[in-house]
Protein chains: 2
Amino acid sequence: MKTFEAKRTRGLAEALPRRVAGDASPCGACSIRHLSICAALAPDELSEMDAIATAVDLAPGDPLFDEAEPAEHLFNVTAGTIKVYKLLADGRRQVTGFLSAGDFLGLAHETTYAYSAEAVTPASLCRFPRRKLENLLQRYPKLESRLLGMAGHELAAAQEQMVLLGRKTAKEKIGSFLLALERQAAGRGQPAGPVSVPMSRADIGDYLGLTTETVSRTFTQLKSSGVIRLLQGGRVELLDRDALARLAEGQ
Amino acid sequence: MKTFEAKRTRGLAEALPRRVAGDASPCGACSIRHLSICAALAPDELSEMDAIATAVDLAPGDPLFDEAEPAEHLFNVTAGTIKVYKLLADGRRQVTGFLSAGDFLGLAHETTYAYSAEAVTPASLCRFPRRKLENLLQRYPKLESRLLGMAGHELAAAQEQMVLLGRKTAKEKIGSFLLALERQAAGRGQPAGPVSVPMSRADIGDYLGLTTETVSRTFTQLKSSGVIRLLQGGRVELLDRDALARLAEGQ
DNA sequence: CGGGAAGTTGAAGAGCGTCAAAAGTAGTGG
DNA sequence: CCACTACTTTTGACGCTCTTCAACTTCCCG
């Protein structure tokens, strides 16, 4: 069984927090606001968010928080990719999601985080003290409503992922994964073209319930059969979307 | 690959709806209110729920709704067990959850259901027209807040299930499953003692990402090693909780 | 009681994991 | 600019867990 060892180059404390409020009208100028929880607020209400937000920047591999740590902050991804994962006692790892611009992190019903979060690429986030954000949620029901909507989306995605983990073959898993990455990129308004796959084979494996080796072999297979093309810089071109879609749906 | 064929004894139309409001003060008398979304409302506000709720009773095997059907209703389980599942094109099935008293069903962000739901045991639910409940949510933010809390719980459970599906062995899966069933029963205030396992081996397999045969074999193994005892009526006695806990955590 | 579904058990096989090594890639410093 | 190192990815050989296919047993419910 494969095990996972954390190797941290630098801790949360060094994560370069800077007040969002330091800028002129940071939330007002936020280019991904329409994707995030903040879309629920009117422009003149955004100052309330400004007032409690702190910007955080992470380098690849930087931890954001660890499972079982007191959940004192909630986060909003503004740039880059964050991976979220849980560990078993012996080190086996399950990545439960890759988050990017607009995604919300830290919705914990407990007082501690239910999972660990770590940067995959250089990433930026808005950090909110839990208590202050909860206060804001009470005063602006439409914020809470927006959050409920996002939670619904996440739940649907989680169920889709359960189908993948429980019932799909390696080939089907990789196919679904690539299509999902492309869909997400499109949803964030990124131009069509090769899909950016910034995470390592190990991360992909831990997300899909496979080993690094199987992920690699499956990519090679899909490449050999002309369904995808592997470009450099972790980019993948989807040559035969129909074949991938058939794989993803189990036909 | 195993396939799944729906065999329906009776459809939704025959599902015996009766107005909750037919009773004197149905919601006020609801014995599982503290578990459900309704716990968010004060006693005098409950009549608002009464006004839009319809009771539904299902026999084992009865469908509640199907994936891709228009999501016109939301539900609250009041008794029995409901299974929720998704199908792949070729019939492979993933059960994403077993729901019981207090659980909420139908939180869809789309206009269609994202999964199918079907009774495992005789079951009762409260049915709410989607639009009317959404109206209520707007007027009572604390209802929405409660729903957000429940969604948070569900998300945490979904992530736990991803760890199980992606990274646990058959033995670990069954161990985790039995402990989770016991924990849920305790959380609903049911007396300690043998765990009730009302679902079939096939349902358990589709929930844990295993085949019927593997589920059966694993139960037999755990029985032989003295960790559990199989009683009649689908009840299981947990003889060695420590061993099960060690299995569940991957040690 | 009898018939059908659900559950159990057995034997054989496949898909993916494990272990190992080679090839590719990136970062570092002389 | 290139060598040196360390890590990631790929490829290969082999083994094991779980699936598949099949037969048998048990449990219900009419």
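Remember, predicted model here, so these are calculated numbers, not experimental data. When reading the values below, keep in mind they use all heavy atoms of this one structure, side chains included, and skip hydrogens, waters and symmetry mates. Below, chain A is the first sequence line, B the second, and so on; all start at residue 1.
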Name every residue in residues 244-251 of chain A that has at least one heavy atom under 4.0 Å from any atom of DNA chain C, in order of residue number, or write none if there are no such residues.
none
Anything under 30° is parallel, anything over 60° is perpendicular, the rest tilted; go ahead and classify A:Phe65 against A:Tyr115.
tilted
Please confirm whether the shortest side-chain N or O distance from B:Thr214 to OP1 or OP2 of D:dT17 is below 4.0 Å.
no
Mind checking A:Gly234 for me? I need base, sugar-phosphate or nothing, with any heavy atom below 4.0 Å counting as a touch.
nothing
What is the separation between atom CZ on B:Arg217 and atom P on C:dA6, rounded to the nearest whole Å?
18 Å
Separation of atom CE in A:Met199 from atom P in D:dT9, rounded to whole Å
12 Å
Verify, without hydrogens or angle tests, whether A:Gln94 (side chain) and A:Tyr207 (backbone) share a donor-acceptor contact under 3.5 angstrom.
yes
Does B:Ala243 offer a backbone N or O that forms a donor-acceptor pair with the side chain of B:Asp240 under 3.5 Å?
yes
What is the distance, to the nearest angstrom, from the CG atom on A:Leu230 to the C1' atom on C:dG24?
13 Å
Take atom CD of B:Gln221 and atom C1' of D:dT17, then tell me their distance rounded to the nearest Å.
11 Å
Do side-chain atoms of B:Asp206 reach the backbone of B:Leu208 as a donor and acceptor pair under 3.5 angstrom?
no
Could you verify whether a donor N or O on one side chain and an acceptor N or O on the other, from A:Lys86 and A:Ser116, lie under 3.5 Å apart?
no
Over how many whole Å does the gap from B:Ile204 atom CD1 to C:dA6 atom C1' extend?
12 Å
Nearest whole Å is fine: how far is C:dC16 C1' from A:Phe219 CZ?
17 Å
Rounded to whole Å, please give me the gap between CD1 in B:Ile174 and C1' in D:dC18.
13 Å
So what does A:Gly233 touch, heavy atoms closer than 4.0 Å: a base, only the sugar-phosphate, or nothing?
nothing
Can you tell me if the side-chain N/O atoms of B:Thr211 get under 4.0 Å from OP1 or OP2 in D:dT19?
yes
Looking at B:Thr220, I'd like to know whether one of its side-chain N or O atoms comes within less than 4.0 Å of OP1 or OP2 on C:dT9.
yes
Pair of N/O donor and acceptor under 3.5 Å linking D:dC21 base with B:Glu213 side chain:
yes
For A:Ala119, is there any backbone N or O sitting under 3.5 Å from a side-chain donor or acceptor partner on A:Lys83?
no
From CG of A:Leu231 across to P of D:dT9 the rounded distance in Å is 16 Å
Counting any heavy atom closer than 4.0 Å, what does A:Ser200 reach on the DNA or RNA strands: base, sugar-phosphate only, or nothing?
sugar-phosphate
Using a 3.5 Å distance criterion without hydrogens, assess whether the side chain of A:Thr214 forms a donor-acceptor pair with backbone atoms of A:Leu210.
no
